[in-house]
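All remarks here apply to the structure that follows.
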Amino acid sequence: MELLKLAALCTVCLLPVVLLRGKNPEQALLLTLGIMLAAAARCLALAAPALEELRALFARTGLEEAHIAVLLKTVAAALVTKLCADLCRDGGSQALATTVEAAGAVAALVLAMPLLRAVAELLLGFFG
């Protein structure tokens with residue numbers, strides 16, 4: 001149900017964004033950013049129960065709870081990358097969007113490294 005509400009919000013706000021884009025692209029970009037921030041805040045609030053379930057899952061596997069933060073930071077990097085790249089495209093710069101996406105991929109790899117290391121050590125413990 002919440003997904004439908006967020007989709008409706010974005011759809012309703014699309015008309016003013018399109019109308020503004022022709023006359024004042026800067027304001028259209030700012031309105032888009034505001035809508036994105038409102039939707040992101042709501043998504044974060046809705047994610048709280050899933051985070052608790054994720055924490056319980058990590059506790060059962062024996063992995064450190066610190067790895068939850070690594071996983072969440074990686075997901076956040078992917079989402080921020082996608083949103084920023086889309087904003088760059090809306091602003092008319094495909095080159096900047098591609099640069100943001102490349103930087104996001106590198107950041108996700110760097111952020112995920114401790115989690116990958118822990119999984120590798122866990123597997124080596126089983127087979128070593």
For Ala85 versus Ala97, what's the shortest heavy-atom pair and its separation? O-CB, 3.4 Å
Show which side-chain atoms of residues 99-115 pair as donor or acceptor with protein atoms under 3.5 Å away, not counting sequence neighbours.
unit_1, atom_1, unit_2, atom_2, d
Thr99, OG1, Ala95, O, 2.9
Glu101, OE1, Arg89, NH2, 3.3
Glu101, OE2, Arg89, NH1, 3.4
Glu101, OE2, Arg89, NH2, 2.7

Salt bridge (charged side-chain N to carboxylate O under 4.0 Å, His left out): which pairs involve residues 66-83, sequence neighbours left out? Lys82-Asp86
Not counting sequence neighbours, which residues clear side chain to side chain contact (heavy atoms under 4.5 Å, CB included) with Leu72? List them please. Leu51, Leu54, Ile68
My understanding is that a hydrophobic cluster links ILVMFWY residues whose side chain heavy atoms are under 4.5 Å apart, including indirect links. Using that, what else belongs to the cluster containing Leu87? Leu29, Leu33, Met36, Leu37, Leu83
Please list all pairs meeting salt bridge (charged side-chain N to carboxylate O under 4.0 Å, His left out) that have one or both residues in residues 107-125, counting only residues at least two apart or in different chains. none
With sequence neighbours excluded, tell me which residues meet side-chain hydrogen bond (donor to acceptor under 3.5 Å, both in side chains) with Glu53. none
Apart from Leu96 itself, which Ile, Leu, Val, Met, Phe, Trp or Tyr residues share its cluster (side-chain heavy atoms under 4.5 Å, direct or through members)? none
For residues 10-18, which side-chain N or O atoms pair as donor and acceptor with protein atoms under 3.5 Å away, sequence neighbours left out?
unit_1, atom_1, unit_2, atom_2, d
Thr11, OG1, Ala7, O, 2.7

Just grab all the salt bridge (charged side-chain N to carboxylate O under 4.0 Å, His left out) pairs involving residues 29-44, residues at least two apart or on different chains. Glu2-Arg42
Check side chain to side chain contact (heavy atoms under 4.5 Å, CB included) between Glu26 and all other residues, then give those that pass, not counting sequence neighbours. Asn24
Pair listing, salt bridge (charged side-chain N to carboxylate O under 4.0 Å, His left out) test, anchored in residues 29-41, at least two apart: none
Hydrophobic cluster partners of Val75 (side-chain heavy atoms under 4.5 Å): Leu79
